Amino acid sequence: METYIQIANLNDFIFCPRSIYFHGIYSGAEKGTYDSHYQVAGTQAHKSIDNGTYSTRAEILQGIEVFCAKYNLCGKIDTFNIKTKTLTERKRAIQKIYDGYIFQVYAQYFALIEMGYTVEKINIYDISHNKTYDVLLPEQDQEMVTKFEEVVYGMQHFDLNVLFVPNPAKCQHCIYANLCDKAIC
Ligand code: SF4
């Protein structure tokens with residue numbers, strides 16, 4: 001059976017490739033049993049999107065499932081304004097724009113393009129600070145596209161059994177540390 005990469009996992013994979021494995025174990029569990037405080041807050045930020053209550057305007061696509069055959073990715077977009085051709089990903093609070101954030105919107109972008117939409121603008125919105133960050137389109141940033149493709153390739157070929165050196169600073173903040181046999185806390 002074909003295995004698709006979840007768009008939401010791109011950022012987690014960059015944090016630690018092994019976290020994807022544990023995320024998979026928990027994917028059938030009740031979310032409250034494993035979400036950390038920050039993840040719960042992030043989930044709340046997305047609730048109106050997932051429930052489709054963010055906007056009732058017909059030109060806004062929200063929380064729809066998307067799929068990208070080119071990179072074998074699937075997931076949901078936050079919002080896409082068909083009229084302004086703007087793709088927006090909302091985050092609860094942003095300290096900095098991590099590559100993983102950009103890879104998530106790139107994945108959504110590539111999926112929307114495959115579905116026949118025209119996307120002319122991408123941005124990431126910080127809900128807490130009411131601040132919008134513009135993101136260059138993939139065709140305007142080849143260096144970032146190359147990094148994106150390397151991460152996708154890494155996820156497709158990741159082997160849990162290969163030699164792995166954990167990063168203690170990450171393990172200390174990892175919600176899977178109590179399960180992970182490589183955890184250094
Ligand atoms: S505990 Fe450390 S090695 Fe294990 S998944 Fe988390 S960050 Fe990675």
Side-chain angles (χ1 to χ4, degrees), residues 1-47 49-50 63 65-68 70-78 89-111 122 124-129 133 135 138 141 143-185:
M1 192 174 73
E2 190 96 48
T3 306
Y4 302 108
I5 293 172
Q6 291 285 331
I7 292 172
N9 282 351
L10 287 164
N11 198 40
D12 290 347
F13 184 80
I14 295 169
F15 175 75
C16 176
R18 290 178 66 84
S19 71
I20 300 304
Y21 172 74
F22 297 112
H23 183 93
I25 290 175
Y26 276 129
S27 60
E30 181 64 29
K31 277 187 84 57
T33 63
Y34 68 89
D35 277 349
S36 70
H37 166 75
Y38 294 107
Q39 284 177 308
V40 170
T43 301
Q44 291 300 327
H46 276 257
K47 216 170 200 172
I49 297 295
D50 292 336
E65 300 275 355
V66 293
F67 171 71
C68 172
K70 181 179 180 186
Y71 294 112
N72 221 26
L73 294 157
C74 65
K76 285 184 178 181
I77 61 161
D78 262 10
E89 166 78 13
R90 306 194 317 165
K91 299 285 182 195
R92 186 184 63 88
I94 294 175
Q95 260 109 46
K96 66 172 271 194
I97 299 294
Y98 294 102
D99 284 357
Y101 293 176
I102 294 175
F103 297 160
Q104 283 181 337
V105 286
Y106 272 15
Q108 296 167 19
Y109 169 91
F110 288 125
I122 302 176
I124 300 174
Y125 177 62
D126 179 334
I127 297 168
S128 298
H129 303 101
Y133 297 84
V135 176
D141 194 343
E143 189 182 335
M144 200 51 114
V145 172
T146 301
K147 284 188 193 175
F148 167 80
E149 290 178 341
E150 285 170 358
V151 170
V152 170
Y153 182 88
M155 289 180 80
Q156 284 165 341
H157 297 88
F158 180 66
D159 180 353
L160 200 63
N161 298 313
V162 297
L163 180 66
F164 177 82
V165 180
N167 178 338
K170 291 187 175 182
C171 293
Q172 281 169 12
H173 299 286
C174 180
I175 59 172
Y176 306 118
N178 60 339
L179 285 181
C180 180
D181 57 345
K182 302 287 184 193
I184 301 177
C185 300

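In each ligand, atom 1 is the first atom listed, and ligand 1 is the first ligand listed. None of these values were measured; they are calculated from a predicted model. Along the sequence shown, the residues carry numbers beginning at 1.
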Pairs in or reaching into residues 171-185: which pass salt bridge (Lys or Arg N to Asp or Glu O under 4.0 Å), with residues at least two apart or in two chains?
->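 Found R18-D181.
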
State the CZ-SG distance between F164 and C180, to the nearest 0.5 angstrom.
->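 That separation rounds to 7.0 Å.
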
Hey, does the side chain of D126 reach the backbone of I94 with a donor-acceptor pair shorter than 3.5 angstrom?
->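 Checking the backbone N and O of I94 against the side chain of D126, a donor-acceptor pair under 3.5 Å is found.
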
Between N9 and D12, is there a donor-acceptor pair closer than 3.5 Å when you use the side chain of the first and the backbone of the second?
->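 Pair absent, no side-chain N/O of N9 close to backbone of D12.
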
Can you sort out which atoms of ligand 1 are near F164, meaning under 4.0 Å from one of its heavy atoms?
->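 Counting from 1, the qualifying ligand atoms are 3 (S).
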
With atom 4 (Fe) of ligand 1 as the centre, enumerate protein N/O/S atoms below 2.8 Å in chain and residue order.
->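 The answer is C180 SG.
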
Give the C-alpha distance, both sets of side-chain angles, the deciding distance and a yes or no for side-chain hydrogen bond (donor to acceptor under 3.5 Å, both in side chains) between K76 and Q6.
-> CA-CA 9 Å; K76 285 184 178 181; Q6 291 285 331; over 6 Å; no

Side chains of Q156 and Y71: do they bring a donor and an acceptor to under 3.5 Å?
->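 Y71 and Q156 do not have a side-chain donor-acceptor pair below 3.5 Å.
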
Measure the distances from the heavy atoms of Y21 to every atom of ligand 1 and state whether one is below 4.0 angstrom.
->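 It does not, in that no heavy atom of Y21 comes within the 4.0 Å cut-off of ligand 1.
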
Assess K170 against F15: is NZ or CZ under 6.0 Å from the centre of the six-membered ring, and within 45 degrees of the ring's axis?
->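 K170 over F15 ring: yes.
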
